[in-house]
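Below: the structure, in structure tokens.
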Amino acid sequence: MEAIRATSAAAGEYLARVAGAPLDGLTDEQLCAQTVELERLGRLLDAARVSAAAELADRSRFGLGSDSLAFRLGHGKAALLVEALTRVSPREASRRIRLGASIRSGRAIDGSLLPADHAPVAAAMAAGSIGVDAAEIVVRCLDQAAQHAGMSLEAEENRAVAERALVEMAEHATADEVGVQARAWREALDPDGAEPRDEEVYRRRSLILGRESNGVRTIRGTLLPVDAALLQSAFDEAEKPGNTPRFLAEDDEARGVRTIIGDDGEEKTEIVDDRTRDQRRYDVFAGLMSVGVRASGNAKVETRSTAQVTAVVSLDDLERGAGVGWLDGVEEPVSIATIEQLVCSNGKSLVVMGEKGEPLYLYRGRRYFTEQQMQALAVRDGGCVWPGCHSPAAWADGHHVREYEKDHGPTNIDNGVLLCPHHHRMLHHSDYEMKMVGGRPYLVPPAFIDRERSPILLGRSRIGVNLALGRRLV
């Protein structure tokens with residue numbers, strides 16, 4: 001015990017010096033390196049905090065009665081004890097306990113340690129290799145898969161394969177990227193689990209209109225995946241850089257009118273949208289609601305919108321009536337029943353994809369990618385493919401990997417990639433290069449970043465991930 005106290009005290013003194021050290025004298029490279037090191041130290045502290053919370057919870061577990069640690073310290077349950085000792089929020093206290101219990105090693109009757117339920121995650125956290133966010137999503141998705149897939153030897157081996165792969169990915173990828181892969185693994189491990197989750201989600205739908213305060217009313221609720229995807233698509237369309245402002249009130253339009261001199265020397269009038277993002281989204285929501293209310297009456301209202309929901313599913317799963325699909329703008333997959341409902345309402349388009357998730361090209365000879373080609377690129381790429389960029393497909397441009405003018409590159413899907421305007425311009429003004437291998441885009445970093453110039457596979461298509469994972473299972 002004294003050794004632990006001494007070690008903690010020494011670590012605290014070291015961290016205090018690190019936290020108080022000025023950073024303005026560091027070079028850019030030193031600052032980046034220091035940021036990486038600080039995050040590693042933070043992950044180690046997070047692992048220790050999660051472990052402590054789990055131990056507190058175990059000593060306060062149900063059934064101990066008056067011997068419960070939480071009870072003896074005047075708290076009704078372990079989460080309240082953790083909250084009081086650490087001064088964190090109730091949500092964070094519960095989060096630490098939940099994750100800690102999943103990676104905690106138990107003890108046998110003879111006192112020997114038993115392996116943790118998620119030993120690879122536990123080892124990686126203890127080493128500071130992965131953070132709490134990534135560990136939490138990995139544990140949650142694998143536990144959800146275990147609920148329906150059973151505890152057979154084959155199922156456990158498949159989950160072990162998935163956990164090792166996810167931990168390896170989490171050591172170099174962001175938590176959001178790990179989340180995409182973890183959900184894909186969950187569906188590959190438990191293809192029948194999406195439908196029960198769909199039913200649970202459907203029961204949670206809600207819309208609550210709050211009381212009026214200072215002339216406005218709050219609104220909150222829970223959207224179903226398809227509805228959320230449709231609303232997100234409308235937001236993306238309205239917020240795409242360069243688009244004409246939509247649902248602009250007369251006062252906002254009057255304030256935003258500007259007179260400019262064009263390249264031809266002629267005066268032109270343009271509208272500058274000064275609304276905040278939240279205000280634009282409110283106006284889109286209110287405008288769509290107004291159109292919908294009018295359309296529900298006797299008068300026929302013509303409504304035309306380019307906003308759409310893209311659902312991606314393998315043809316085999318659709319024909320079998322099993323498996324899952326993915327909606328743009330929604331992280332969690334939906335059951336095949338939800339996809340069938342969308343197909344019934346809106347029809348479907350067939351995009352033929354190879355084993356590695358590459359789509360078949362459509363046709364050649366056009367300077368600009370067609371709407372159908374852009375949709376196929378969205379299926380493959382999932383949005384801007386630049387590493388770390390989360391711009392949706394609705395914001396992206398179609399980029400010719402082999403340049404159209406200089407290299408006579410064709411306007412085909414197997415020569416196209418989605419890039420947001422910012423990264424599209426960056427690519428053309430940097431030493432980065434792109435190439436296509438097997439119908440998939442790769443980014444080649446400049447030599448001053450990677451001496452070997454190792455190509456990096458791009459894209460975040462979840463159906464492509466799912467196809468690849470299915471081939472790795474037992």
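As a basis for the values below, the full set of heavy atoms in this structure was taken, side chains included, without hydrogen atoms, waters or symmetry mates. We're numbering straight along the sequence, starting at 1.
- The CG atom of Leu207 lies 8.0 Å from the CG atom of Leu223; values are rounded to the nearest 0.5 Å.
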Query - Derivation and outcome, side chain to side chain contact (heavy atoms under 4.5 Å, CB included), residues Asp117 and Ile103 - result: CA-CA 6 Å; Asp117 290 339; Ile103 62 174; over 6 Å; no
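- With no hydrogens or angles considered, no side-chain donor-acceptor pair links Asp143 and Gln147 at under 3.5 Å.
- Atom CG in Asp190 sits 9.0 Å away from atom CZ in Arg159 (nearest 0.5 Å).
- Taking the side chain as every heavy atom from C-beta outward, Lys435 and Arg440 never approach each other to under 4.5 Å.
- For Phe285, the ring pair (Phe, Tyr, Trp, His ring centres under 6.0 Å) test picks out no residue, with sequence neighbours left out.
- His423 and Trp386 have parallel rings, their planes meeting at less than 30° on a 0 to 90° scale where 60° marks the start of perpendicular.
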Requested in this report: Would you sort out whether Arg98 and Glu136 count as a side chain to side chain contact (heavy atoms under 4.5 Å, CB included), showing the intermediate values?
Outcome: CA-CA 9 Å; Arg98 186 168 53 249; Glu136 186 178 35; 3.7 Å; yes
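- The shortest distance between side-chain heavy atoms of His400 and Val417 does not fall below 4.5 Å.
- Heavy atoms only, all atoms of each residue included: Val201 and Pro225 are closest at CG1-CD, 3.8 Å.
- The distance from atom SG of Cys389 to atom CG of Leu458, rounded to the nearest 0.5 Å, is 11.5 Å.
- Met125 contributes atom CE, which lies 5.0 Å from atom CG of Leu99 (distance to the nearest 0.5 angstrom).
- Here the shortest heavy-atom pairing between Ala145 and Leu189 reads CB-CB, 4.0 Å.
- Atoms OG and NE2, from Ser129 and His172 in turn, are 11.5 Å apart once rounded to the nearest 0.5 Å.
- By the 4.5 Å heavy-atom criterion applied to side chains, Val385 and Met434 are counted as neighbours.
- Residues Leu44 and Ala127 share a closest heavy-atom pair of CD2-C, 3.7 Å.
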**Report entry** Pair Leu45-Leu15, side chain to side chain contact (heavy atoms under 4.5 Å, CB included): steps then yes or no
**Finding:** CA-CA 11 Å; Leu45 284 175; Leu15 290 174; 3.6 Å; yes
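- Side-chain atoms of Arg96 do not come within 3.5 Å of backbone N or O of Val50 as any donor-acceptor pair.
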Requested in this report: Give the intermediate values and the outcome of side chain to side chain contact (heavy atoms under 4.5 Å, CB included) for residues Leu443 and Tyr432.
Outcome: CA-CA 7 Å; Leu443 183 68; Tyr432 282 92; 3.8 Å; yes
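- To the nearest 0.5 Å, the span separating CZ on Arg220 from OG on Ser206 amounts to 7.5 Å.
- Side-chain contact check for Ser430 versus Pro446: every heavy-atom pair is 4.5 Å or farther apart.
- Side chain of Ser233 to main chain of Ala229: no donor-acceptor pair is present (N/O by atom type, distance under 3.5 Å, no hydrogens or angles).
- Side chain of Asp46 to main chain of Val132: no donor-acceptor pair is present (N/O by atom type, distance under 3.5 Å, no hydrogens or angles).
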Report task. Please assess Gln279 against Asp283 for the test side chain to side chain donor-acceptor pair (under 3.5 Å), listing each intermediate value before the final yes or no. Result -> CA-CA 6 Å; Gln279 289 171 339; Asp283 292 342; over 6 Å; no
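- Each of Val138, Asp133, Ile130 was evaluated against Val178; a single residue qualifies, Val138, per the side chain to side chain contact (heavy atoms under 4.5 Å, CB included) test.
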Report task. Go through the steps to decide whether Arg280 and Glu239 satisfy the test salt bridge (Lys or Arg N to Asp or Glu O under 4.0 Å), and finish with yes or no. Result -> CA-CA 8 Å; Arg280 286 196 301 271; Glu239 295 170 0; 5.1 Å; no
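- Here the side chain of Glu177 pairs a donor or acceptor atom with the backbone of Thr174 at under 3.5 angstrom.
- Side-chain contact between Asp236 and Trp395 is present, with heavy atoms from C-beta onward closer than 4.5 Å.
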Report task. Before giving the answer on salt bridge (Lys or Arg N to Asp or Glu O under 4.0 Å), spell out for Glu187 and Arg183 the whole-Å C-alpha distance, their side-chain angles and the decisive distance to 0.1 Å. Result -> CA-CA 6 Å; Glu187 304 311 322; Arg183 294 181 186 95; over 6 Å; no
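- Judged by distance alone, the side chain of Arg380 and the main-chain N or O of Ile413 form a donor-acceptor pair under 3.5 Å.
- In this structure, Asn412 contributes its side chain and Asp414 its backbone to no donor-acceptor pair below 3.5 Å.
- Using a distance-only test at 3.5 Å, with no hydrogens or angles considered, a donor-acceptor pair links the side chain of Arg453 to the main chain of Pro445.
- For the residue pair Asp397 and Met374, the shortest heavy atom distance occurs at C-CE, 4.1 Å.
- Contact record, Pro410 with Asn415: O-ND2, 2.8 Å, taken as the closest heavy-atom pair.
- Put simply, the side chain of Asp381 gets close to the backbone of Leu418: a donor and an acceptor are under 3.5 Å apart.
- Across Cys141 and Ala182, no two heavy atoms sit closer than the pair CB-O, 3.7 Å.
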Below 3.5 Å, can you tabulate the donor-acceptor pairs from side chains in residues 161-169 to any protein atom, sequence neighbours excluded?
from, atom 1, to, atom 2, distance (Å)
Glu163, OE1, His118, ND1, 3.2
Glu163, OE2, Val121, N, 3.4

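- Evaluation of the ring pair (Phe, Tyr, Trp, His ring centres under 6.0 Å) rule for His424 yields His399, His428 as partners, not counting sequence neighbours.
- Side-chain atoms of Asp227 and Leu230, non-hydrogen and from C-beta on, never get closer than 4.5 Å to each other.
- With Tyr202 as the aromatic partner, Arg205 meets the cation-pi criteria of under 6.0 angstrom to the ring centre and within 45 degrees of the ring axis.
- Remark: side-chain polar atoms of Thr35 are paired, donor with acceptor, to backbone N or O of Leu31 under 3.5 angstrom.
- With hydrogens and angles ignored, the 3.5 Å screen pairs no side-chain donor or acceptor of Glu37 with any backbone N or O of Gln34.
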